[in-house]
Amino acid sequence: MAYKFVDNYRERGARKQLVKHLEKRGIEDKRVLQAIGKVPRHFFFDETFWNQAYRDIAFPIGDGQTISQPYTVAYQSELLHVKKGDKILEIGTGSGYQTCILMELGADVYTIERQENLYRRTIQVLPYMGYTPHFFLGDGSRGVPEHAPYDKIIVTAGAPFVPEVMLKQLKYGGLLVIPVGDEKSQKMVTILRVGENDFERIELDTFRFVPLVGDQAW
Ligand code: SAM
């Protein structure tokens, strides 16, 4: 596939409208809104579908997967409270859009995808756009233990339970953001590691993600 990277007035205008829409939906973190306003989401779409890129919807990216809805990306990013230099593990690279948002927020991102086609696409597209996270291909339901510990872990697919192995890869004071539930709907869960075996769990709003598939998942 040939990639087309043109960011013209129509797409820039649509992106501004999207930011206003997310603000109205309750996203308050100015840095997250700025990042959404900066990353050209249409670069993750075939040109035929550029008119869909700034709608607040998830969209198919091939292999039965989706680029997450902008509201969901903003919501998870806000929960992470990203600080410059945070070492963040992202499980489910997908299109790479969320990865770029985290990098705009100053994170050093480790991102893993299990679908080889998606992985191959992101290792080309993201560096071309100027983003160079650490890419991994494989089952992220076990985390990426060889590079642990992380300040934050974000899971962008719906998990049936919180994998214990992920919790163990958080630094003390580190945070996991993970959607947990059944195939139809998941609650967004945040888990703060406060000590070796001490965790604080909060359940938030309901979402619908594609499933996290793997050894510690569906
Ligand atoms: N934030 C991404 C985006 O904006 O494109 C979302 C991608 S999609 C909702 C979730 C991704 O998780 C899919 O690409 C899927 O293949 C991937 N995934 C599912 N189970 C996985 C696993 N065990 N390890 C790594 N990736 C996984």
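Indexing begins at 1, ligand by ligand and atom by atom, following the structure's order.
- With respect to atom 2 (C) of ligand 1, the closest heavy atom belonging to the protein is T93 O, 3.7 Å.
- Listed by atom number, the atoms of ligand 1 under 4.0 Å from T66 heavy atoms are 5 (O), 6 (C), 7 (C), 8 (S), 9 (C).
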* To do: Could you give me the CA-CA distance, side-chain angles and deciding distance for Q216 and S141, then say whether side chain to side chain donor-acceptor pair (under 3.5 Å) is met?
  => CA-CA 5 Å; Q216 294 298 306; S141 72; over 6 Å; no
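- Across all non-hydrogen atoms, the minimal contact from Y131 to E104 is OH-OE2, 2.6 Å.
- For S141, the closest heavy-atom approach to ligand 1 falls below 4.0 Å.
- Taking all atoms of both residues into account, the shortest heavy-atom contact from E78 to E28 is OE2-N, 2.7 Å.
- Interface of G94 with ligand 1, defined as ligand atoms under 4.0 Å from a residue heavy atom, comprises 5 (O), 7 (C), 14 (O).
- Among protein heavy atoms, the minimum distance from atom 9 (C) of ligand 1 is reached at T156 O, 3.3 Å.
- In the hydrophobic cluster analysis, where Ile, Leu, Val, Met, Phe, Trp and Tyr join through side-chain heavy atoms closer than 4.5 angstrom, V189 is grouped apart from V210.
- Put simply, the residue from Y128, Y97, F5 that forms a ring pair (Phe, Tyr, Trp, His ring centres under 6.0 Å) with F44 is Y97.
- Taking atom 16 (O) of ligand 1 as the reference point, the nearest protein heavy-atom neighbour is E113 OE2, 2.6 Å.
- Near Q98, meaning under 4.0 Å from one of its heavy atoms, ligand 1 places the atoms 1 (N), 4 (O).
- If you chain together hydrophobic residues whose side chains sit under 4.5 Å apart, V144 and L118 never meet in one group.
- Protein heavy atom nearest atom 3 (C) of ligand 1, with residue, atom name and distance: S95 OG, 3.5 Å.
- Residues K168 and R193 form a side-chain contact, since some pair of their non-hydrogen atoms from C-beta on lies under 4.5 Å apart.
- Using a 4.0 Å cutoff on heavy atoms, G64 does not count as a contact of ligand 1.
- Closest to atom 15 (C) of ligand 1, if we only count protein heavy atoms, is Q65 OE1, 3.3 Å.
- For atom 12 (O) of ligand 1, the closest heavy atom belonging to the protein is G92 CA, 3.2 Å.
- Under the 4.5 Å side-chain contact rule for hydrophobic residues, I91 and F199 share a cluster.
- Taking every non-hydrogen atom of G138 and a distance limit under 4.0 Å, the qualifying atoms of ligand 1 come out as 24 (N), 25 (C).
- With Y54 as the partner, the side-chain hydrogen bond (donor to acceptor under 3.5 Å, both in side chains) test is satisfied by one option alone out of E11, H42, Q17: H42.
- Contacts between V210 and ligand 1, counted as non-hydrogen atom pairs separated by less than 4.0 Å, involve the side chain only.
- Within the structure, the closest approach of A58 to ligand 1 does not fall below 4.0 Å when heavy atoms are considered.
- Looking at atom 25 (C) of ligand 1, its nearest protein heavy atom turns out to be R114 N, 3.4 Å.
- Nearest non-hydrogen protein atom to atom 4 (O) of ligand 1 is S68 N, 3.3 Å.
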* To do: I would like to know whether Y75 and F207 meet ring pair (Phe, Tyr, Trp, His ring centres under 6.0 Å); could you show each step before the answer?
  => CA-CA 11 Å; Y75 186 99; F207 290 83; 4.8 Å; yes
